[in-house]
Protein chains: 2
Amino acid sequence: MKILATPLPKVRICAIGHWPVDRIDHGGFLILDDVVQKELAGIASLVSYDCKEKIFVQDTPAQYIYIPHSGAVRVAHQLADGRNQIVAFFMPGEPFGLGGNGVYLNSASALTDCCLIRIPRDALHELCNHEPRLQQDCLVGAMAQLRLSQRHLLIVTHQRVLKRVADFLLECSHQPEVFDSGRNVLNLIMDRSDIADYLGTSVETVSRTLGKLEEDGLVKRLDSRNLWLDQSRLTAVLNN
Amino acid sequence: MKILATPLPKVRICAIGHWPVDRIDHGGFLILDDVVQKELAGIASLVSYDCKEKIFVQDTPAQYIYIPHSGAVRVAHQLADGRNQIVAFFMPGEPFGLGGNGVYLNSASALTDCCLIRIPRDALHELCNHEPRLQQDCLVGAMAQLRLSQRHLLIVTHQRVLKRVADFLLECSHQPEVFDSGRNVLNLIMDRSDIADYLGTSVETVSRTLGKLEEDGLVKRLDSRNLWLDQSRLTAVLNN
DNA sequence: CGCACGATTGACCGAAGTCAACAATCGTGG
DNA sequence: CCACGATTGTTGACTTCGGTCAATCGTGCG
């Protein structure tokens, strides 16, 4: 981890679909008051992590919340039996590290090299108290997270792994950062083991399932990290 | 559904573990300002539902949020393939029906005969605007929901159903309303099919798994709705 | 009393986890 | 620039867990 000395970039929060349209800019980010931006700049810092570096560990004191500025992050929960369940992936603008009274509920690590905006919880809490607008935004942010989590639940409870993978790929294809909707090509930012841990299955099964999808022409593996998708036929898989 | 004419009882929100201790009363509920209580009473109503009655349906306009006053509620999501995934059960004091911009994300139905406090969303939103304390409470409430949802995710992703059931029973045993911690007896408020839909498995497997747990002495079925539990041995199951 | 519903048990089979081998890719250093 | 090892991805063989279909049991209710 390295604290960057450069001036803090504007805090951007992914907003599309969560906030009213008049609060969203052309890039799909939440529009924050200049005053709020300045106040956030006063308490936040910009930090960088190398790929695979740990950001925080579950059950340790939770000082900060983070918002990716560039790169991607993986948040997971370790269980007593050694399982490592990935709870969510976070892209630029999606805040993580919330929840949990004073301790982190999960662990976070860098999926790629990344720059994060880091905000101390107590200072943010303070700020919320005299900026009701920001408080409101936090609430909507928490709701958005809740929605993601419930969506994830629906994905991992598909009985057949084929559906889980199809649903997962479709979910990814809604992220413009990783999906080229002109060529229908999805750029996977995570490896097979991350996908397995996210879907509650094994690497072998993920690999085999992609094989089967490719056999049937719903997917083409350009290379291990880039997939061409037939979105409509993948959607059809979910109806059987 | 029936709107009850009786005066609205005090709004009680389950708070234990989520709010700071000085905001919690002796019963584990959130302490709300008298002014806030009065304002809530102005917009809320008390409604009753019969067992199995639908409360709201997913994808329909979301007018209200609900807080059970007595009884219990089941919230589920219907998928295109006909699956009915239960997302959560709600006990008295646990608000549901939040999230989703204007439409319900899930369907809710009464698990038992129940009385619910029903609050119009727009009026609540209004009220939050000039009651920052309440706004803050809503945020904490959303965080609590998020936590529940992530806990649920960890439960249903146990590879072996044995672990899912064990974890589920333990989770239930933390609810004082249904667990007699003196006798170690859990009163299940839902039937086998609800458990199956919550755990992402089938009724038969739930039944068989309870059978196996009973064989090994971790559980005793007093009747189909009442189980004696050996909590420590159930916990041990999760470590293998 | 008989019907309906929920719960349980049995038999069968397929999907997926596990172990193992192998291929491909990447990064490092000679 | 190539060679090597390390990491990641794919494929195969085997086994088991759990889903499905079906029959049976028990309880409550009309």
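Naming convention: chains lettered A, B, ... in sequence-line order (proteins, then strands); numbering from 1 in each chain.
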Whole-Å distance separating the [atom1] atom of [X] from the [atom2] atom of [N]:
X	N	atom1	atom2	value
Lys212(A)	dG14(C)	NZ	P	12 Å
Leu213(B)	dT9(C)	CG	P	13 Å
Leu210(A)	dT8(D)	CG	P	17 Å
Asn240(A)	dA15(C)	CG	C1'	16 Å

Is it true that a side-chain atom of [X] and a backbone atom of [Y] form a donor plus acceptor pair closer than 3.5 Å?
X	Y	result
Ser149(A)	Gln145(A)	no
Thr112(B)	Ala72(B)	yes
Ser107(A)	Gln58(A)	yes
Asn101(B)	Gly17(A)	yes
Asp50(B)	Glu53(B)	no
Arg118(A)	Ser45(A)	no
Arg192(A)	Glu204(A)	no

Heavy-atom protein contacts under 4.0 Å, nucleotides 24-30 of chain D, coded B base, S sugar-phosphate only, - none: -------
Sub-3.5 Å pairs of nitrogen or oxygen atoms, protein against nucleotides 11-13 of chain D:
{"residue": "dG12(D)", "atom": "N7", "partner": "Arg208(A)", "partner atom": "NH1", "Å": "3.0"}

Residues from residues 156-172 of chain A lying under 4.0 Å of DNA chain C - heavy atoms: Gln159(A), Arg160(A), Val161(A)
DNA chain D-proximal residues of residues 190-198 of chain A, any heavy atom under 4.0 Å: Asp191(A), Arg192(A)
Donor + acceptor pair across side chains of Arg83(B), Thr157(A) (<3.5 Å): yes
Gln78(B) and Asn84(B): side chain donor to acceptor below 3.5 Å: yes
dT7(D) phosphate, OP1 or OP2, under 4.0 Å from Lys52(A) side-chain N/O: no
Side-chain N,O (Ser202(B)) to OP1/OP2 (dG19(D)) below 4.0 Å: yes
Arg225(B) side chain, from C-beta outward: closest of dG9(D), dA7(C), dA16(C): dA7(C)
Given dG17(C), dA7(C), dT20(D), the nucleotide with the shortest approach to the side chain of Ser224(B): dA7(C)
Any residue meeting side chain to side chain contact (heavy atoms under 4.5 Å, CB included) with Pro120(A), in chain and number order, not counting sequence neighbours: Ile43(A), Tyr64(A), Asp122(A), Ala123(A)
Sidechain N-carboxylate O distance under 4.0 Å for Arg74(A), Asp197(A): no
Listed partners of His152(A) passing ring-ring contact (aromatic ring centres under 6.0 Å, His included), at least two apart: Tyr198(A)
Derivation and outcome, salt bridge (charged side-chain N to carboxylate O under 4.0 Å, His left out), residues Arg233(A) and Asp216(A): CA-CA 10 Å; Arg233(A) 292 184 64 198; Asp216(A) 298 346; over 6 Å; no
